[in-house]
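For reference, the structure is listed below as structure tokens.
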Amino acid sequence: MHTHTHRYTFLTIAVLFGVCCIGMENFCRTNYATDDLYNCCMAAATELAAVDVDVDVRSAEEQLAINFGEGAVEKRENQVLVSSPEGELMYDAKGGNLLFYMNEKLSDGSMQEDVDVDVDVTVANDKEDGDDDGSSSAIKEMVTDEQAIYAARAMMEHLKLSLKADAKVNKNSIKDFKFQTIVLDTPITRSLPNYSEYVDGANEVKNMTKQERAENDELARTRRDSVRAAMQHAWSGYRAHAWGKDELRPVQKGGRDTYGGIAVTLVDSLDTLWMMGLMDEFNEARDYVRDHLNHDVAVNVSVFETTIRSLGGLLSAYDLSGDPMFLKQADDLGSRLIKAFDSPTGIPYGMTKLAHRRGIGKKGAKNNDSFNSAWTGGHSILAELGTIQIEFRYLAHATGKQHYADKANKVFELMREIAPENGLYPIFINNSEGPGFATRNNKITFGAMGDSFYEYMLKVWLQGGRTEQGYRDMWDQSMDGLHDFLLHRSLPGGLHYIADLVDDLDKQQNVVHHKMDHLVCFLGGAMALGAYTDPRGLFSKEAQRDLKTGKALAYTCYQMYARMFTGIAPEFVNFNEGGNDFVAPATGKHYLLRPETVETLYILYSLTGDKTYREWGWEIFMAIESNCRTSVGYGSLSDVNSFFQTPMDRMESFFLAETLKYLYLLFDPDSNIDLLGRHVFNTEAHPLRIFPALKRENETCYNDENDIADINCQAESK
């Protein structure tokens, strides 16, 4: 037994807004010009700093005396905000913090039978009562940062909901308000399981029995239905308030055109609707594409974004449904985007105008309004020039217009000619001559502006039936370079991460930036997919290395969620700062509803069958539901460490196209998606059949008499 006789382990959560939640009459008037407690808390939420968790075990009475002075034990009851089986959440009037007292039974695992927690803990000090040697190390070893944050997070969530639900909180001024303790009789969360065996990616998967798999699949189906309901919620909001617009404004309940006014969210969501069986919604969206979608708009658009979202969405809808209307629209859009490839080198420009120039055919007339943005220094961007091949190659295959594929393939041919020895490419490429690399302000990264170029090395090879060896060689070379130059481990936790190499003009060399974007989290799944398809075999040295690293990166990306106060990952983290494995800096603490981590979890579960990846995905989905949901959709977050915040008024189309789709597939044991033999996903999560599968399946559906494919047969075969 533990020697401490008090009930609660002490945990401090340093939260800047804590001072507004109780007791200080002048705070809200001075800082936010209001006497209203609820509005004050909401205003202060925008200033919430990163959460600093410090597990510090001592007697509750001792700590209270430090915080509140003599008589603290008696004062304590007036400071409790939430009381639950997990512990008590209190307000520290002196320090301006929220104090969380974790129930000691929870920390030592003795509550497991009562609250159904699954925590792997070790009791390091098993002394009888009265044998206290004054050491707190035993308990300290049992309460991990993740467990502490998780329990405190659940209590803060309950406090937030209670404040919103209590009309008295909204009406009474601070002067007259006396906080009543919220008592919770039943647990509101479980402690986090101990996943430390995943940190190295060397964990062995325990094969489930037939009965265990059936039970896990049944649980997954109920979770799949929850994700489907989330899609219905977001789609109904889009339909009601932003129909035909590029994006929904989930707070203001309106629409905005951010990509040229070509119904990007609608088109990006088509295959998600199809795969979720939302056929009424799919058919209504199909009719809009047929009757109203118009690409002849005189606006400049990103070639990359329009290709992966709109062209990819149309092609996937065609591949799934067999409806030639989608292919016709894709061909129209492709004919407008392809002119961006008409640069001096064949490396595409980043921007183009979709509308064809009028007067084509007249002397001197040119049909090209393409250019590179000024902020790039006039250069093309690596991820953009190398993440359009899957789409244009499929378009060529489906239409018979080979020039689409020729222009797209040429880009990788040119990039192979200038390949660095280590396989790692700088992100800015000169497309006006050469081609070559920009000589200043360049960097090497698997994050923003670099990421999907590497992804398409592997996926284009898969799309072609694993016959175009040059693409696979580029992938393998880049994986060698990644392990040699970019892979690092954090302190103290030993998390694997991929750093950036950035130009240092003063030192005339690259320096390591120990920063990792959420975007990099695609890599865990991509490396696993590369390992399972390695021509040298899954058990080759290289494949096992890549699989292990991919699994380790997946764990790191999961931790980027689990260690944030909301359970949501930031846009990027910096590693090895202030004695922490990583921190979310002020410039990177936002969340844009990104999909990369759940993409990796889906791929890893599909390949390994490890049900833990489903558990991580469910935690992420529930955090999104708790923090990002609005009355008509889902919004981004400005601060992943703030509870009291309204989501931002932005719902990217990729939330429906990717995040919800990958979550749905993660929990869908009945899906016919085949990652190894039939399908390849573009970087926007649009599944397309690989060329050998198209040839094999279309031959069985071909009608020689009419010289056309039998659409009904195609749709049934999918």
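One is the number of the first residue; the rest follow in order along the sequence.
With Glu455 contributing its side chain and Phe522 its backbone, the two residues share no donor-acceptor pair below 3.5 Å. Using modelled atom types, no side-chain atom of His379 and backbone atom of Ile429 make a donor-acceptor pair closer than 3.5 Å. Between the side chain of Asn300 and the backbone N or O of Met351 there is no donor-acceptor pair closer than 3.5 Å. A donor-acceptor pair under 3.5 Å links the side-chain atoms of Ser478 to the main chain of Trp475, judged by distance alone. Side chain of Ser316 to main chain of Pro687: a donor-acceptor pair is present (N/O by atom type, distance under 3.5 Å, no hydrogens or angles). Judged purely by atom type and a 3.5 angstrom limit, Thr272 uses its side chain to pair as donor or acceptor with the backbone of Leu656. Judged by distance alone, the side chain of Asn431 and the main-chain N or O of Thr345 form no donor-acceptor pair under 3.5 Å. No side-chain donor-acceptor contact under 3.5 Å links Tyr664 to the backbone of Thr659. Counting only distance, with no hydrogens or angles, the side chain of Ser269 and the backbone of Thr265 share a donor-acceptor pair below 3.5 Å. Under a 3.5 Å cut-off, the side chain of Asn372 and the backbone N or O of Gly350 do form a donor-acceptor pair.
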Worked check of side-chain contact (heavy atoms from CB on, under 4.5 Å) between Leu354 and Leu333: CA-CA 8 Å; Leu354 288 181; Leu333 179 57; 4.0 Å; yes

Full working for salt bridge (Lys or Arg N to Asp or Glu O under 4.0 Å) between Asp369 and Lys339: CA-CA 8 Å; Asp369 288 304; Lys339 60 192 177 186; 5.4 Å; no

Test salt bridge (Lys or Arg N to Asp or Glu O under 4.0 Å) applied to Asp271 and Lys661, step by step: CA-CA 9 Å; Asp271 53 7; Lys661 182 187 295 159; 2.8 Å; yes

side-chain contact (heavy atoms from CB on, under 4.5 Å) evaluation trace for Met276 with Val227: CA-CA 9 Å; Met276 290 186 179; Val227 178; 4.3 Å; yes

Residues Asn422, Asp484; criterion side chain to side chain donor-acceptor pair (under 3.5 Å); working and verdict: CA-CA 8 Å; Asn422 60 14; Asp484 290 342; over 6 Å; no

Evaluation steps, side-chain contact (heavy atoms from CB on, under 4.5 Å), between Arg290 and Phe326: CA-CA 8 Å; Arg290 180 191 63 207; Phe326 290 119; over 6 Å; no

Step-by-step side-chain contact (heavy atoms from CB on, under 4.5 Å) determination, Arg336 to His356: CA-CA 7 Å; Arg336 300 169 187 276; His356 291 307; 3.7 Å; yes

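When all heavy atoms are compared, the tightest approach of Met648 to Pro250 is O-CG, 3.9 Å. The minimum heavy-atom distance between Ile308 and Thr387, with the atom names listed, is CG2-O, 3.4 Å. Across every non-hydrogen atom of Ala340 and Ser370, the tightest pair is CA-OG, 3.4 Å. Summarising the geometry of Asp246 relative to Gly260, their closest heavy-atom pair is OD2-N, 3.2 Å, with the distance given to 0.1 Å. Here the closest non-hydrogen pair linking Trp461 and Gln469 is NE1-OE1, 4.0 Å. Across every non-hydrogen atom of Ser310 and Ile262, the tightest pair is OG-CD1, 3.8 Å.
Look at Glu571 and Arg594 and you find a salt bridge, because one of the NZ, NE, NH1 or NH2 atoms lies within 4.0 Å of a carboxylate O, short of that distance. Salt bridge annotation for Asp331-Lys328: absent, with no cationic side-chain nitrogen under 4.0 angstrom from a carboxylate oxygen. A salt bridge does not link Lys410 with Asp406: none of the charged nitrogens is closer than 4.0 Å to a carboxylate oxygen. For the pair Lys407 and Asp342, the salt-bridge criterion is met [side-chain N within less than 4.0 Å of a carboxylate O].
The aromatic ring centres of Phe412 and Phe453 sit less than 6.0 Å apart.
Contact check for Leu462 versus Leu529: side-chain heavy atoms found under the 4.5 Å cut-off. No side-chain heavy atom of Val303 sits under 4.5 Å from any side-chain heavy atom of Tyr349. For the pair His241/Arg249, no side-chain contact is recorded, criterion being any heavy-atom separation below 4.5 Å from C-beta on. Side chains of Thr597 and His518 form a contact here, defined as non-hydrogen atoms less than 4.5 Å apart. Residues Leu663 and Leu601 fail the side-chain proximity criterion, which asks for heavy atoms closer than 4.5 Å. Annotation: side chain of Arg689 is in contact with side chain of Arg678 (closest heavy-atom distance under 4.5 Å). Between Asn682 and Lys459, the closest side-chain pair of non-hydrogen atoms is not below 4.5 Å. Residues Phe341 and His403 form no side-chain contact, since every pair of their non-hydrogen atoms from C-beta on lies 4.5 Å or further apart.
Inspection of the Glu391 and Thr307 side chains reveals no N or O donor paired with an N or O acceptor under 3.5 Å. No hydrogens or angles considered: nothing links the side chains of Asn574 and His513 as a donor-acceptor pair under 3.5 Å.
Every residue meeting the side-chain hydrogen bond (donor to acceptor under 3.5 Å, both in side chains) condition with Asn409, not counting sequence neighbours, appears here in chain and number order: Arg393, Tyr471. Listed by chain and residue number, Arg309 satisfy the side-chain hydrogen bond (donor to acceptor under 3.5 Å, both in side chains) test with Glu305 (two or more places apart in sequence, or in another chain).
Taking the six-membered ring where the residue is Trp, Tyr602 and Phe681 present perpendicular rings, their angle passing 60° and hence far from 30°. Taking the six-membered ring where the residue is Trp, Tyr404 and Phe392 present tilted rings, their angle falling between 30° and 60°.
Atom-to-atom distance recorded for Leu315:CG and Leu327:CG is 7.0 Å, nearest 0.5 angstrom. From Arg286, atom CZ reaches atom CG of Leu293 across 14.5 Å, with rounding to the nearest 0.5 Å. Between the OH atom in Tyr318 and the CE atom in Met325 there is a gap of 12.0 Å [rounded to 0.5 Å]. Once rounded to the nearest 0.5 Å, the distance linking CG of Leu486 with CG of Asp500 reads 8.0 Å. The CZ atom of Phe654 sits 13.0 Å away from the OH atom of Tyr662 when rounded to the nearest 0.5 Å. For the atom pair CE (Met560) and CE (Met516), the distance works out to 5.0 Å, reported to the nearest 0.5 Å.
Residue-environment remark: CZ (Arg239) stays at or below the threshold of 12 foreign heavy atoms within 6.0 Å.
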